[in-house]
Amino acid sequence: MSELETYRAKALAFLQSMAPKYAREARSGNTVEQDLALGREYMAAKHDAGFAGINWPVEIGGQGLTHLHKIAFDSEEMQFGMPVQFFGISLGMPVPILIHYCEDKDFVKERVRKALRGEEIWCQMFSEPSGGSDLAALRTKVEPDGNGWKMNGQKIWTSWAQYCDYGVIVTRSDPTVAKHKGLTYFWIDMKSKGVEVRPIKLAGGDSHVNEVFFDDVRVEDSQRLGAVGAGFAVSLHTLMIERYIATDSGGFGPHLDEFVKLANETELNGRPAIEDGRMRSAIARNHAMRAGLDSITRRAFAMMMAGMQPGPEGSLQKLVAVRSRQKLSELAMDMKGTESLAFDEHAYVKTDWGTSWLNAPTGRIAGGSDEVLLNTIAEKILGLPQDHRPDKGVPFNAIPA
Amino acid sequence: MSILYDEGQQAIATESRRVLDARMDKGRLLKLLEQVGEHDQPFWDTAVEQGWTALAIPEEHGGLGLGLTELGLVAQACGAATSGAPFLTGGYGLAQALVQGSDAALASEWLPRLASGEATGCVAFAEGNAALPPVSKVSFADGKLTGTKPAVAGGLKADLALVWADAAGEAALVVVELAKAERVAVASYDNTRLYADLTFTDTPATLIARGDSARTLARDVLARMAVVTAHEQVGGAEALLYIARDYAVTRKAFGQPIGAFQSIKHRIAEMYGLVEIARANCIHAAAQEGTDDFLLAAADARISATEAYDTNSRDCVQIHGGIGVTWELGLHLHMRRARSLAVEQGNLLFWEDLLVNELTGEKA
């Protein structure tokens with residue numbers, strides 16, 4: 001067994017020991033608050049067992065292993081349905097950015113420890129009502145205020161902000177230059193005076209995203225991450241940190257085996273649905289697509305182990321997997337007919353087709369919409385031209401609203 | 001086997017592409033489309049000279065002893081060039097059957113000749129839309145073969161054929177010398193595939209597998225050829241992706257390159273996605289050669305590669321507009337090849353069923 005396989009086996013043993021208390025079944029029926037409390041407990045247990053901050057430096061409180069170790073742990077953990085959803089963004093982007101840019105190392109160490117143990121949660125505030133895909137169109141502004149800054153404006157789609165202690169934010173510090181040049185990046189205390197968080201109820205019934213309002217919020221200059229005007233570069237750095245993560249070729253919905261099982265158990269036109277050509281075709285096409293994505297993942301992993309940079313084809317994962325999950329969920333519901341009309345809003349997205357269907361649109365929009373991902377593939381990988389951009393090079397305050 | 005290409009494999013990929021770039025000629029291929037019964041001899045000479053016929057034949061039979069990964073890389077280069085001779089895949093299928101079959105003397109007689117390119121082979125399994133009919137209409141008895149196999153790729157010129165037949169209610173795999181068969185050329189939209197109806201009338205043939213072992217061997221041979229073809233399809237689909245990309249960055253309309261319009265650039269990005277998914281499946285399938293998972297991996301590769309090549313030929317032509325449908329530009333070489341390869345080695349319908357059967361444990 002290779003060192004990495006040994007590590008994976010160790011991780012699996014730990015997860016199995018945690019499962020009775022924290023995994024999917026133990027969580028069933030929890031309110032969000034109960035689930036969060038359970039999640040915090042699990043994170044502390046994970047920290048105690050040495051599975052927290054796996055690929056972070058030892059001197060900052062991590063385990064000092066490679067990101068391959070982290071992917072190995074994460075892909076095993078994903079199978080269990082542990083209550084980790086509250087901490088994914090926190091530890092995925094904001095805290096690593098703080099580690100990289102914040103100069104007060106004692107402060108950083110304290111935050112890292114508490115974030116890893118689930119005692120504190122960080123959010124990431126990028127999107128605004130006036131710009132999601134077009135990040136640099138943001139309007140939340142900071143103005144010099146004595147030796148610090150004063151912040152006003154609004155962010156939106158901020159995951160778990162209602163439970164967050166801290167956040168990272170990109171703001172406009174200079175409206176007189178081109179839009180991506182006048183941005184500055186900060187960390188802020190979410191309990192600061194003038195910060196107001198309002199949850200947004202989503203189509204699927206849950207409220208994990210929020211609007212966040214800033215009304216004359218005082219920000220110290222020591223909270224700035226990166227230079228004044230370098231906010232766009234720090235934002236891109238934030239988005240690049242998690243470039244290679246544990247993926248799911250099922251698009252974070254049910255496994256294809258669930259569909260095959262349903263088709264085996266369902267009768268259609270007096271025959272088992274599995275004998276229906278439409279179901280067979282859907283199964284075969286989805287299998288081939290998912291097998292391709294899995295093979296891309298394995299190859300990327302093998303390349304990283306060999307010290308090589310994985311190819312850009314990894315960028316296909318979310319685009320291809322989530323939209324096909326959406327269509328497959330519709331077909332599964334058709335197969336169930338009237339039985340599919342009963343809906344349980346607490347059902348698990350990886351085992352329930354209705355929940356998978358209703359929440360799929362979020363997956364196709366969050367973290368880069370299908371259209372933005374296609375643009376990125378076309379421009380960055382294939383060298384196709386950018387769209388016509390009338391705001392290019394124009395000072396932000398001269399762009400027609 | 002590793003899913004990362006080693007240096008030797010990378011060299012095969014680069015060298016086969018370089019040789020074909022230098023020697024293939026679109027004008028020559030276009031002319032061949034209008035002739036029934038001719039293949040691209042310069043391509044075949046190249047294949048023999050480069051040792052591609054010997055690649056996947058064991059060393060003790062005069063081959064190079066390499067496998068599906070290496071042959072797949074050559075097939076990918078051939079696909080990119082719409083190169084024109086069907087013997088590469090058919091010869092490989094026949095050779096695999098001889099290696100795994102029960103007649104050692106026959107294997108010793110023919111494998112060295114197939115490896116050296118002195119003899120060519122083809123595989124005659126399909127009848128109509130059945131890639132591997134439950135009961136073949138061609139019958140084998142007392143060392144003799146009778147019946148017709150329709151539109152066999154390479155059948156018009158190959159020296160030797162592997163035939164899926166019925167022996168008194170049992171499946172049979174037999175090898176037959178085609179000099180003794182009646183061959184009628186099929187005028188096709190892809191003539192260099194050398195399709196021919198092969199009619200056998202008490203033609204002497206040699207049995208190499210019977211019953212369940214014939215069924216298992218036939219499926220293995222078909223899956224292996226499907227993986228080679230899937231590589232060829234990926235090569236073609238990838239070539240079309242870059243032809244479309246190159247056109248979209250140079251052709252202008254409404255004051256900008258057409259590639260700046262999202263209707264075009266998104267279409268090309270989708271073409272990229274299809275190629276990469278199919279390529280990943282091909283790499284995986286080639287690496288699974290000889291394992292229990294091979295049939296399923298071959299089905300994944302074949303399905304995604306067929307979808308990629310068909311879709312990319314449709315979309316590449318569409319992105320070109322009017323010039324895309326001209327004879328001279330030759331995109332139809334890919335369109336034609338995408339379809340002929342989609343039908344050879346079992347169509348999508350066959351592989352979809354086979355894949356679901358593998359998942360559910362049913363036997364076809």
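Proteins get letters first, then strands, A, B, ... in listed order; numbering begins at 1 in each. The figures here come from the full heavy-atom set of this structure, side chains too, leaving out hydrogens, waters and symmetry mates. Every value quoted in this text rests on a predicted model; they were computed, and no experiment measured them.
- When heavy atoms are compared at a cutoff of 4.5 Å, B:Leu349 does not approach chain A at all.
- In this structure, the portion of A:Ala306 lying under 4.5 Å from any heavy atom of chain B is its side chain and not its backbone.
- In summary, A:Arg278 and B:Glu352 do not engage in a salt bridge, as defined by a charged side-chain N under 4.0 Å from a carboxylate O.
- The pair B:Lys265-A:Glu379 counts as a salt bridge, with a side-chain nitrogen and a carboxylate oxygen less than 4.0 angstrom apart.
- Only the side chain of B:Leu355 comes within contact range of chain A, judged by heavy atoms closer than 4.5 Å.
- Shown here is A:Lys181, whose NZ atom has no more than 12 heavy atoms of other residues, nucleotides or ligands within 6.0 Å.
- Dense packing is recorded around CE of B:Met225, with more than 12 heavy atoms of other residues, nucleotides or ligands lying under 6.0 Å away.
- Heavy-atom distances place no part of A:Arg290 under 4.5 Å from chain B, backbone and side chain included.
- Looking at B:Leu4, only its side chain comes within 4.5 Å of chain A, counting heavy atoms on both sides.
- Between the CG atom of A:Leu316 and the CD atom of B:Glu276 there is a distance of 7.0 Å, given to the nearest 0.5 Å.
- The number of heavy-atom neighbours closer than 6.0 Å to CD of B:Gln318, taken from other residues, nucleotides and ligands shown, is 12 or below.
- The choice from A:Arg298, A:Met308, A:His388 that makes the most heavy-atom pairs within less than 4.5 Å of chain B is A:Arg298.
- The heavy-atom pair separating A:Gly292 from B:Ala280 by the smallest distance is O-CB, 3.4 Å.
- Rounding to the nearest 0.5 Å gives a distance of 10.0 Å between NE2 of B:His266 and CG of A:Leu384.
- Contact annotation: the side chain of A:Arg280 approaches that of B:Asn357 to within less than 4.5 Å [non-hydrogen atoms, C-beta and beyond].
- For the atom pair OG1 of B:Thr360 and CD1 of A:Ile274, the computed distance is 5.5 Å after rounding to the nearest 0.5 Å.
- Contacts between A:Glu313 and chain B at a heavy-atom distance below 4.5 Å involve backbone atoms as well as side-chain atoms.
- Interface summary for chain B: among A:Lys261, A:Arg285, A:Glu371, the most heavy-atom pairs under 4.5 angstrom belong to A:Arg285.
- In this structure, a donor-acceptor pair under 3.5 Å is absent between the side chains of A:Arg299 and B:His284.
- Atom-to-atom distance recorded for A:Phe259:CZ and B:Leu359:CG is 12.0 Å, nearest 0.5 angstrom.
- Interface remark: B:Leu274 contributes no atoms to any contact with chain A (heavy atom separation under 4.5 Å).
- Environment of CG in B:Asp246: crowded, with over 12 heavy atoms of neighbouring residues, nucleotides or ligands closer than 6.0 Å.
- Comparing A:Leu382, A:Leu373, A:Asp294 by heavy-atom pairs within less than 4.5 Å of chain B, the highest count is held by A:Leu382.
- Counting heavy-atom pairs closer than 4.5 Å to chain B, the top residue among A:Ala378, A:Ala284, A:Ala302 is A:Ala284.
- Residue contact with chain A, scored on non-hydrogen atoms closer than 4.5 Å, involves the side chain of B:Ile283 exclusively.
- Between B:Phe261 and A:Pro385 the shortest side-chain heavy-atom distance does not fall below 4.5 Å.
- For chain A, the nearby parts of B:Glu270 are the backbone and the side chain; heavy atoms of each come within less than 4.5 Å.
- The candidate from A:Asn375, A:Val260, A:Ile377, A:Asn264 with the greatest count of non-hydrogen atom pairs under 4.5 Å with chain B is A:Asn375.
- At distances below 3.5 Å, not a single donor-acceptor pair connects side-chain atoms of B:Asp300 with backbone N or O atoms of A:Met289.
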